[in-house]
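Heads up: the structure comes next, in structure tokens.
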Amino acid sequence: MKLAKNYEPNQYEADIYDLWEGSEAFTPKKGSHKDSFTIVMPPPNANANLHIGMGLTVAIQDAVIRHRRLKGKHALYLPGADHAGFETQSVYEKHLAKDGKSRFDFSRDELYAQIWDFVDENRGIFEKQVRQMGASCDWSRYTFTLDQKIIDQAYKTFKKMWDEGLIYRSERLVNYCTLHGTGFADIEVEHKEVNGKIWSIRYPLTDGSGEIIVATTRPETMLGDTAVAVHPKDPRYKDMVGKTVRLPLTHREIPIIADEYVDKGFGTGAVKITPAHDFNDSEVGKRHDLPVVQVISHGGLINHNAPEEYQNMDVSAARIRVVENLQKQDFLVETKDHLHSVGHCYKCGTVIEPMLKQQWFLDMKPLATEAIKVLKAKKITFYPDSKRQQLITYLENLWDWNLSRQIAWGVPIPAFVNIDDNEDWIFCDEVTKEEIEKNGKTYRRDPDVLDTWFTSSSWPYATLSESDQQQFYPNSLMETGGEILQPWVSRMIMLGLYEKGKIPFEEVYIHGYVMAEDGAKMSKSVGNVIDPMPVVEKYGSDAMRMGLISGRSAGVNRGYDNRRVEEARNFCNKIWNIARFVEDKLDQKPLKSFSPKPKTESDHWILHKLTEASDQINKNLENYKLSEAYDVLYHFVWDDFADWYIESAKTAPNAPILAHSLCSILKIAHPFAPFLTETIWQTLHPDDKSLLINQTWPKIGTYSKSKSDDFEKVQKVISEIRHIKTTLQIKKGGLYYIHAPFINLQSNLIKSLARLESVEQVRDGRGLTLISVDEKCWLDIDFESAERFSKQLAGQLGDIEKQIEILQSRLKNSTYVDKAPKDLVRESKDKLENLKKEHDLLSTQIAQYKGDL
RNA sequence: GGGUGAUUAGCUCAGUUGGCUAGAGCACCUCGUUUACACCGAGGGGGUCGGGGGUUCGAAUCCCUCAUCACCCACCA
């Protein structure tokens, strides 16, 4: 089989993936933990097609996995999908809305079943797309977050925490979205700056001795006020503490209390306290044992605890009415504009209402403390390291975690309450039943489900069987985007330590977001989301992967750049054509059957360069410098191998060296361009069942360093001549054809390239031609370009003189000679010597050139 | 309010403990009718590394300060 002229990725990619998947290549062999390498894929949401960010995820993770596999590790890349509880349900609700329905038209079980089908369909699409991107995952270990083993693990953990008193049930303020009808964890609330107003309101003292003026941004909540607070050391209000005020509009009598929480400098220094609808107020209320008056319902309407006038109004309407009435009754002192931060539902943008609710909470203190310890001890390496500190800060300020969600799509909370007293809770994992009997009593299931992060936080071990855990836990690398550092990475660390007593992974690599091409964040509502699949179809999966990796470093957000993908596509084609050239010289023998025997200087040089490149790429990949590794590969293959070695090898190709080099290039390029390299490998091993994916990283080649250096000297000469006028070219039959102005240089060059003893000269009006005696090689000298070059040479001479000056003054500086590292000083001296020589050479050349003309 | 990161060529970005004339890709200009490749080859132009100050023999790199832009966190009514 011959390689076609251009690389057309979509002709090969699907077949190649099947070839891999059909073999055992993706399944790691059994072995020790030390000899293994694991990445458990952060499960993408199973509710939608993949976007380009997943392309980057796969590109990075798969490159690392393939590299470790080539290095001889038992590499496991475990794929998965996330049911993404609330996320998925809200996507599905949008589907329902199109048909004019809402989730409240269905029972929980019906809804659950419908979403299950919906997700099942999408999961197929997503799995196919991950395959198209070339991810070398072990599909036999594929895990969905609603698989029984994950649920079992979640219940096991839940029970353990329950038994140890870490999980508790409590009526507390939670972040509540009145539109979605569910509570959230703190991390899910999005704070936005909002231009609001701040109102100052007169609260008259009941004893008629005056008034106190409070400032608030939410006047409607005053319907539920149960106190006014001032700072204990505030002289303005010292005498008022202990008195009571008559709450305007509702006319309830509430006390004035003193609490450290109040900031004397803000507003009027007096704060209204609404324990039912504000987190701070709730804390103050607890300290002072204040009553809690809830005036906003879970649907976001004012309830029966408020005066009738306001009942069933929504919050914003109530606010307007309250302000109007305050003004009418002369309680309003002033209104000012006020910029402040307000929590919003991250999905629908509804203002989050702090709402009193019975929920399950997890006490985070003990878990966080352990996690902070391992983070501070650097037991886990972070790329970039700044993310580690960020996590510590987060963990240090963590509040208890609200585990309850009032949605259908998720893992039911395995808790049942005694229907007689509504207080006696028992743990039971028979969650398919609504009610159970125990000890002659009836218990009803908690209708809520667990926060999706609670189940997915066991991901590093729950995905693995018992025996797998021996080999693959802790995982080697957790590679993920920065947006889930806090909600997910932190919790995996806490739960891993809690359940397994070990860190869940040894290294964490955080990639930045792929932004839209203009640098803005991609979002569905803006409509600038980039779909990776058309990119894969147009340029190939390899080009997309390399294009995303190229020039991108850990933790940094960057826009998608199609030029990078085109660059990578061209690179794929370059490798392809290198393979075609080499294929011609192989004489039908399999690529890997050659052992290299370097003959010429260039042979030694390319083996040296190859060794250097494979070494650097290896080191960069080990340190997760994907972009740098790719860069080394790109320039080695293109500049060194294609532009220098192949060009110089055209006259007398050394097949074993070409074959060996290509063989190595395929291996070191494989992590970046798996499809392309495997396609070439398969084509060049027609009668062989071996797979490139299973080969081993290239061994260090043997070469002579001095001969390699010799070739670099030749390169330098050639470069100089090219600089004069372009063409070092090979005619049919392998003739050199060179334009150049300098006889001496030319003669040397011809000799070094063609190893000739003598040359003949022919001169005409336009220039001078040098021809080797056997007429296999000649140089054509063009006076016109020589003229141009003379100016450049003069410039060059000037540059060298400047450098000499700098070096000389540096070396005259005694502090430099004393303080700078000795080898640096020596280097400077050597360099000065070389520059001087170069200067002399150039001067003579210029003189000679004038003679030539 | 607190924190983090960024600012380098026309564009998108590299530049790991301070040390070769600051790099790449794309774009631009000149040249080339080459059986590996025009998804190509050779060459070229283009940057006072955001401004200012400091430390140092030496700063894109360390410190201070100012400016602009991102992002994250947060219970100041």
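Chain naming here is simple, since letters A, B, ... match the order of the sequence lines and numbering starts at 1 in each. Heavy atoms only: backbone and side chains are in, while hydrogens, waters and symmetry mates are out.
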Distance test, side-chain N/O of A:K829 to OP1/OP2 of B:rC20, below 4.0 Å: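 No, outside the criterion.
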
Residue-phosphate contact under 4.0 Å: A:W638 side-chain N/O, B:rG41 OP1/OP2: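 For B:rG41, OP1/OP2 do have a side-chain N/O of A:W638 under 4.0 Å.
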
Can you run through RNA chain B from 5' to 3' and write each base as (, ), [, ], | or . depending on how it pairs? Watson-Crick or G-U wobble, both distances under 3.5 Å. (((((((..((((.....[...)))).(((((.......))))).....(((((..]....))))))))))))....

What nucleic acid atoms does [X] come within less than 4.0 Å of, heavy atoms only: base, sugar-phosphate, or nothing?
X      : result
A:W576 : nothing
A:V262 : base
A:Y394 : nothing
A:A642 : base
A:I646 : base
A:N813 : sugar-phosphate

Residue A:K538 excluded, over 12 heavy atoms near NZ under 6.0 Å: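 Atom NZ in A:K538 is not packed in, count stays at 12 or less.
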
Can you name the residues that form a side-chain contact (heavy atoms from CB on, under 4.5 Å) with A:A227, not counting sequence neighbours?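 Checked A:A227 against side-chain contact (heavy atoms from CB on, under 4.5 Å); matches are A:P255, A:I257, A:I273, A:L290.
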
Taking atom [atom1] in both [N] and [M], what distance in whole Å separates the two?
N      : M      : atom1 : value
B:rC63 : B:rG23 : P     : 25 Å
B:rG45 : B:rU4  : P     : 42 Å
B:rA38 : B:rG32 : C1'   : 11 Å
B:rC13 : B:rU56 : P     : 36 Å
B:rU12 : B:rA67 : P     : 24 Å
B:rG50 : B:rA22 : P     : 15 Å
B:rA70 : B:rU8  : P     : 15 Å
B:rC11 : B:rU34 : P     : 35 Å

Quick one: on RNA chain B, does A:F581 or A:G269 contact a more 5' nucleotide (nearest heavy atom)?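 Looking at the nearest nucleotide for each, A:F581 comes out on the 5' side.
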
Of A:L835 and A:W399, the one whose closest RNA chain B nucleotide lies more 5':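 Its nearest nucleotide lies further toward 5', so the answer is A:L835.
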
If we only count heavy atoms from C-beta on, is the A:V565 to A:Y560 side-chain gap below 4.5 Å?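 A:V565 reaches A:Y560 side chain to side chain.
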
With sequence neighbours left out, write down each residue that passes salt bridge (charged side-chain N to carboxylate O under 4.0 Å, His left out) with A:R558, or none if nothing qualifies.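 Salt bridge (charged side-chain N to carboxylate O under 4.0 Å, His left out) list for A:R558, sorted by chain: empty.
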
Considering only side-chain heavy atoms of [X], which listed nucleotide, [options], is closest?
X      : options                : value
A:D263 : B:rC75, B:rA77, B:rG19 : B:rA77
A:A215 : B:rA77, B:rC40, B:rU21 : B:rA77
A:D278 : B:rC39, B:rG19, B:rA77 : B:rA77
A:R580 : B:rA36, B:rA77, B:rC75 : B:rA36
A:K831 : B:rG41, B:rA77, B:rU21 : B:rU21

Does NZ or CZ of A:R491 lie under 6.0 Å from the centre of the six-membered ring of A:W401, at an angle within 45° of the ring axis?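 Yes, A:R491 and A:W401 form such a contact.
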
Output the rounded distance in Å from [atom1] ([X]) to [atom2] ([N]).
X      : N      : atom1 : atom2 : value
A:N577 : B:rC37 : CG    : P     : 6 Å
A:N570 : B:rA24 : CG    : P     : 17 Å
A:Y7   : B:rC40 : OH    : P     : 16 Å
A:Y816 : B:rA59 : OH    : P     : 13 Å
A:I804 : B:rC20 : CD1   : C1'   : 15 Å
A:F571 : B:rC37 : CZ    : P     : 18 Å
A:F184 : B:rC75 : CZ    : C1'   : 18 Å
A:L548 : B:rG25 : CG    : P     : 19 Å

Side-chain polar contacts of residues 817-830 of chain A - donor-acceptor pairs under 3.5 angstrom, sequence neighbours left out - could you list them?
residue	atom	partner	partner atom	Å
A:S828	OG	A:Y816	OH	3.0
A:S828	OG	A:L824	O	3.0

Would you please indicate if the ring centroids of A:Y12 and A:W576 are separated by under 6.0 Å?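 Between A:Y12 and A:W576, the centre distance is under 6.0 Å.
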
Between A:S282 and A:L173, which heavy-atom pair has the shortest distance, and what is it?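 So the minimum-distance heavy-atom pair works out to CB-CD1, 3.4 Å.
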
Please give me the minimum heavy-atom distance between A:D259 and A:H288, naming the atom from each residue.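 Residues A:D259 and A:H288, closest heavy atoms: OD2-NE2, 2.7 Å.
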
Which pairs, with at least one residue in residues 541-557 of chain A and sequence neighbours excluded, count as a salt bridge (charged side-chain N to carboxylate O under 4.0 Å, His left out)?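 Of all non-adjacent pairs touching residues 541-557 of chain A, those that pass salt bridge (charged side-chain N to carboxylate O under 4.0 Å, His left out) are A:D62-A:R545.
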
According to ring pair (Phe, Tyr, Trp, His ring centres under 6.0 Å), who are the partners of A:F672, at least two apart in sequence or on a separate chain?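 For A:F672, no residue satisfies ring pair (Phe, Tyr, Trp, His ring centres under 6.0 Å) once neighbours in sequence are set aside.
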
For A:Y539, which residues count as a ring pair (Phe, Tyr, Trp, His ring centres under 6.0 Å) partner, sequence neighbours excluded?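 Partners of A:Y539 under the ring pair (Phe, Tyr, Trp, His ring centres under 6.0 Å) test: none.
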
Can you give one letter per nucleotide of nucleotides 3-18 of chain B, 5' to 3': B if a protein heavy atom sits under 4.0 Å from the base, S if only from the sugar-phosphate, - if neither? --------BBSSSB--

Give me the distances for all protein-to-nucleotides 61-63 of chain B N/O pairs that come in under 3.5 Å?
none

Heavy-atom donor-acceptor pair, A:E647 side-chain to B:rA36 base, under 3.5 Å: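 Such a pair exists between side chain and base.
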
How long is the span from the CG atom in A:L332 to the CZ atom in A:R202, to the nearest 0.5 Å?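 One gets 8.5 Å once the value is rounded to the nearest 0.5 Å.
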
Under 3.5 Å, is there a donor on one side chain and an acceptor on the other for A:K272 and A:T221?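 Checked: A:K272/A:T221 side chains pair up, N/O donor to acceptor below 3.5 Å.
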
Contacts of A:N280 that satisfy side chain to side chain donor-acceptor pair (under 3.5 Å) - sequence neighbours left out: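 Listed in chain order: nothing, the list is empty.
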
Residues two or more places apart in sequence or in another chain: which of them pass side chain to side chain donor-acceptor pair (under 3.5 Å) with A:N175?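 A:N175 satisfies side chain to side chain donor-acceptor pair (under 3.5 Å) with A:D186 only.
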
Do any of residues 817-824 of chain A sit with a heavy atom less than 4.0 Å from RNA chain B, and if so which?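 Listed by number, they are A:K819, A:A820, A:P821, A:L824.
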
Electrostatic pair A:R218:A:E220 at N-O distance under 4.0 angstrom: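 The answer is yes: the pair qualifies as a salt bridge.
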
